[in-house]
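In what follows, a single structure is set out as structure tokens and then discussed.
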There are 2 protein chains.
Amino acid sequence: MKKHTIKDIAQLAGVSKGTVDRVIHKRGKVSEKALEKVNKVLAEIDYQPNLMARSLKNNKDYHLCALLPNPDIDPYWLPCKAGINQAFNEYKSLGITIDTHTFDPTSTEDFLEVNARVLSLNPDAVLMVPLFFNEATKSIKAYAEAEILVSIINNRIGSEDINNFVGQDLFQSGRIAARLMEMITPKDSEIIIAHLDEFFHNASFMQQKEKGFRDYFENLLTSNYTLKTCNSIESNKYKTLFDAIDSSKNISGIFVTTSKTYKVAKMVENFPNLSIKIIGYDLLEKNISYLNSGAIDFLIHQNPKQQIYLGLSQLAEYFLFDKPISEEKLLSIDIINSENYNSYLNQ
Amino acid sequence: MKKHTIKDIAQLAGVSKGTVDRVIHKRGKVSEKALEKVNKVLAEIDYQPNLMARSLKNNKDYHLCALLPNPDIDPYWLPCKAGINQAFNEYKSLGITIDTHTFDPTSTEDFLEVNARVLSLNPDAVLMVPLFFNEATKSIKAYAEAEILVSIINNRIGSEDINNFVGQDLFQSGRIAARLMEMITPKDSEIIIAHLDEFFHNASFMQQKEKGFRDYFENLLTSNYTLKTCNSIESNKYKTLFDAIDSSKNISGIFVTTSKTYKVAKMVENFPNLSIKIIGYDLLEKNISYLNSGAIDFLIHQNPKQQIYLGLSQLAEYFLFDKPISEEKLLSIDIINSENYNSYLNQ
DNA sequence: ATACATAATGTGTTCGAACACACTTAATAA
DNA sequence: TTATTAAGTGTGTTCGAACACATTATGTAT
């Protein structure tokens with residue numbers, strides 16, 4: 001398993017390295033005889049170009065922009081900073097620069113504005129959380145026209161100009177929650193699917209989870225749960241959810257489709273006589289605290305840190321080593337309880 | 001954030017690149033005046049050597065050996081092949097070769113023999129599953145004397161000559177199982193901890209899981225489960241476990257500390273009147289099949305593929321880019337049910 | 001002052017791929 | 001026949017770090 005260089009091949013084929021180079025890169029200007037000689041050698045050996053040398057010769061700096069919601073407004077995005085740093089440290093000595101731009105997740109205007117700013121920086125690629133469908137589609141088109149690669153994470157939206165998606169299968173995520181819920185609640189009891197989010201843009205993602213959740217229970221032959229959906233928003237102090245619990249004293253579980261699971265855990269404290277199991281999303285500090293106290297039973301980990309790290313590293317390796325970018329990278333969907341959350345925080 | 005090269009630094013400091021090189025590598029033969037000038041420049045800028053150039057100049061081939069139990073004998077190790085391939089493909093163009101050596105997990109002699117063979121190959125590093133404590137310790141010492149790096153995965157054993165461990169916290173893994181078991185079994189019922197393994201060397205690892213499992217239940221204030229330990233081996237058709245279930249009609253759960261969980265699921269089919277929850281280990285085909293049928297409730301994923309991949313890639317990046325090797329890398333401990341196993345198989 | 005050692009410094013080459021450029025050959029037109 | 005073009009081929013340089021080697025300064029002994 002010797003390592004062959006272009007020089008080796010040239011010698012074996014009895015031509016110069018220039019000719020070998022032209023054959024390999026199909027630059028033409030090669031006689032049939034020479035082409036044949038080189039191809040014969042190439043067929044015999046397994047030529048693997050030295051990526052270090054290639055990359056050194058190229059010696060370009062690549063500029064990536066990460067575009068995500070402001071973690072101060074939605075703490076779900078907090079771990080992303082660590083993911084970006086990890087990618088930054090890994091690739092900074094290889095000619096990759098990464099900078100972060102955050103936008104207000106409550107404002108489509110801000111989203112567009114930040115995108116315009118990023119576009120004007122003319123980076124080589126953008127990694128974006130496409131929170132708002134219409135605005136994201138528009139921005140992505142603009143990037144494509146400027147020949148800027150676009151990867152998206154967390155929320156899958158369709159577009160021909162997207163090179164790469166990293167995230168989870170939300171429908172399946174709902175099914176996982178349903179299976180867990182089935183295991184810890186009494187048969188045929190009543191379960192609430194709670195959508196807690198002031199951000200309307202999350203609607204479609206919450207619904208995918210709900211669909212998966214309902215799908216699981218609909219296909220259960222051995223039991224007959226009652227599922228109720230409840231939309232509830234903070235500005236209303238989540239009154240709809242409170243009323244739903246209050247009116248029916250038969251609720252055994254609540255599936256919270258967003259990271260605001262801790263709000264539900266807190267609310268349930270008002271009903272000490274009820275035994276309500278709670279399954280929700282994301283390793284926010286407050287969620288973990290309720291997980292530890294037993295108020296929350298399971299969390300599903302959407303792993304924003306890993307999402308952004310994988311998205312960035314795919315882009316970096318594409319530029320540096322020509323590695324193909326996978327169109328879609330689905331992360332594992334992690335089930336979290338009070339005993340294993342710690343093993344994920346240190347990842 | 002300009003990229004500085006040695007030539008840049010030389011120019012800024014008013015010396016030659018040779019002098020800068022001597023300062024950076026502390027090779028001596030530099031006058032105090034020159035040293036000062038160069039250090040001043042180095043303090044001002046953030047010099048990051050170009051790893052591509054460094055690695056190209058080095059242009060060494062590094063040889064890694066992976067040493068693991070034969071997957072045909074213990075299917076737990078089956079996914080490792082994919083992990084090795086992944087690392088191989090990632091690093092083959094960068095001058096890393098990896099070859100795999102398997103040993104019979106029932107034979108300490110074979111383990112020693114394979115280790116001797118690997119030693120005679122004189123690789124740069126060995127990634128080993130140290131199945132047998134004494135024999136592994138001995139082999140590791142031999143590698144260290146030959147100045148061969150040693151990483152271990154899956155089973156942590158202590159030794160000064162080990163550079164790196166990748167695996168899981170088995171005690172915590174037992175606690176996770178316990179928490180799950182608590183959630184799906186009635187209070188104060190009887191639970192069996194089943195050690196199913198013909199390989200005596202696994203004893204200590206099974207015991208760590210048992211300790212964690214018991215630790216969780218011992219610290220429970222609100223309930224009082226009865227835990228029984230049961231060692232059972234195949235050559236005896238797992239009769240001890242059968243008798244344990246048969247004698248007490250009050251068993252609500254079995255925690256299987258090995259990947260042979262499917263054996264227990266199969267056995268429980270003989271007791272259709274009992275409702276016994278089963279929690280065990282590893283994504284073997286047979287285990288997944290019982291997970292789908294509902295006979296197994298949870299599996300804990302020990303992720304052998306990821307373990308071996310991470311171990312190998314740490315070694316590769318150490319040789320190629322001088323990245324420090326972390327002494328210990330603890331993987332997340334994944335909880336698997338019938339709905340999320342698929343998201344792990346595609347990782 | 002000259003010879004000679006040693007310290008200090010600078011220059012040149014290498015790694016492999018990529019590509020610019022110079023050169024050779026053959027073919028065609030004037 | 002000579003000039004001209006195009007096709008084909010080979011040579012040389014670059015990327016940045018590492019290090020061998022050549023060269024220059026500085027000192028000490030004779």
Side-chain angles (χ1 to χ4, degrees), chain A residues 1-39 41-42 45-62 91-96 319-323, chain B residues 1-39 41-42 45-62 91-96 319-323:
Chain A
M1 273 275 279
K2 196 206 166 289
K3 271 295 190 54
H4 296 280
T5 71
I6 283 196
K7 218 169 122 192
D8 293 338
I9 298 171
Q11 206 156 21
L12 286 169
V15 296
S16 76
K17 63 199 179 92
T19 302
V20 175
D21 180 71
R22 277 182 286 267
V23 171
I24 288 174
H25 294 298
K26 301 200 169 78
R27 279 196 240 281
K29 310 219 171 187
V30 176
S31 69
E32 277 203 24
K33 232 163 75 185
L35 182 77
E36 205 175 304
K37 283 194 286 185
V38 173
N39 275 334
V41 174
L42 285 175
I45 63 156
D46 174 39
Y47 173 61
Q48 297 282 348
N50 184 319
L51 298 183
M52 303 282 189
R54 171 179 291 178
S55 192
L56 175 62
K57 184 64 205 1
N58 272 5
N59 200 37
K60 288 207 193 80
D61 270 6
Y62 297 96
Y91 295 108
K92 68 176 167 188
S93 323
L94 304 174
I96 303 280
F319 288 122
L320 294 175
F321 301 124
D322 253 324
K323 291 220 177 134
Chain B
M1 271 274 280
K2 198 209 164 288
K3 271 297 189 54
H4 297 278
T5 71
I6 285 195
K7 217 169 121 192
D8 293 338
I9 298 170
Q11 206 158 19
L12 287 168
V15 297
S16 75
K17 64 198 177 92
T19 302
V20 176
D21 180 73
R22 278 182 286 266
V23 172
I24 288 173
H25 289 46
K26 299 201 170 78
R27 279 196 239 281
K29 310 219 170 185
V30 176
S31 70
E32 277 203 26
K33 231 164 72 184
L35 183 76
E36 206 174 301
K37 283 194 285 184
V38 174
N39 277 334
V41 175
L42 286 174
I45 64 158
D46 174 39
Y47 172 63
Q48 297 282 347
N50 184 318
L51 298 184
M52 302 282 189
R54 170 179 292 178
S55 193
L56 175 63
K57 183 69 207 358
N58 271 6
N59 198 36
K60 287 207 194 82
D61 270 6
Y62 297 98
Y91 295 108
K92 68 176 167 188
S93 323
L94 304 174
I96 302 279
F319 288 122
L320 293 176
F321 301 124
D322 252 325
K323 292 219 175 132

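Below, all heavy atoms of this structure are taken into account, side chains as well, without hydrogens, waters or symmetry copies. In what follows, chains are A, B, ... by sequence order, proteins preceding strands, each numbered from 1.
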I need the Gln48(B) CD to Leu94(A) CG distance, nearest 0.5 Å. 10.0 Å
d(CD1, Ile9(A); P, dG10(D)) in whole Å: 15 Å
How does protein contact run along nucleotides 15-25 of chain C, one letter per nucleotide 5' to 3', with B for base contact, S for sugar-phosphate only, - for none, heavy atoms under 4.0 Å? BBBBB------
Just how far is it from atom NZ of Lys3(A) to atom CG of Asp61(B), taken to the nearest 0.5 Å? 5.0 Å
Please confirm whether the shortest side-chain N or O distance from Thr19(A) to OP1 or OP2 of dG8(D) is below 4.0 Å. no
Check for a donor-acceptor pair, side chain of Asp8(A) on one end and backbone N or O of Thr5(A) on the other, with a separation under 3.5 Å. yes
Mind calculating the distance between CD (Glu32(A)) and P (dA26(C)) to the nearest angstrom? 17 Å
Would you say the side chain of Leu320(A) lies within less than 4.5 Å of the side chain of Asn58(A), judging by non-hydrogen atoms? no
Distance in Å, Asp322(B) CG paired with Leu51(B) CG, rounded so as to fall on 0.5 Å steps: 8.5 Å
Which heavy-atom pair separates Ala34(A) from Val15(A) by the least distance, and what is that distance? CB-CG1, 4.4 Å
Given atom CD of Gln11(B) and atom P of dG10(C), what is their separation to the nearest angstrom? 13 Å
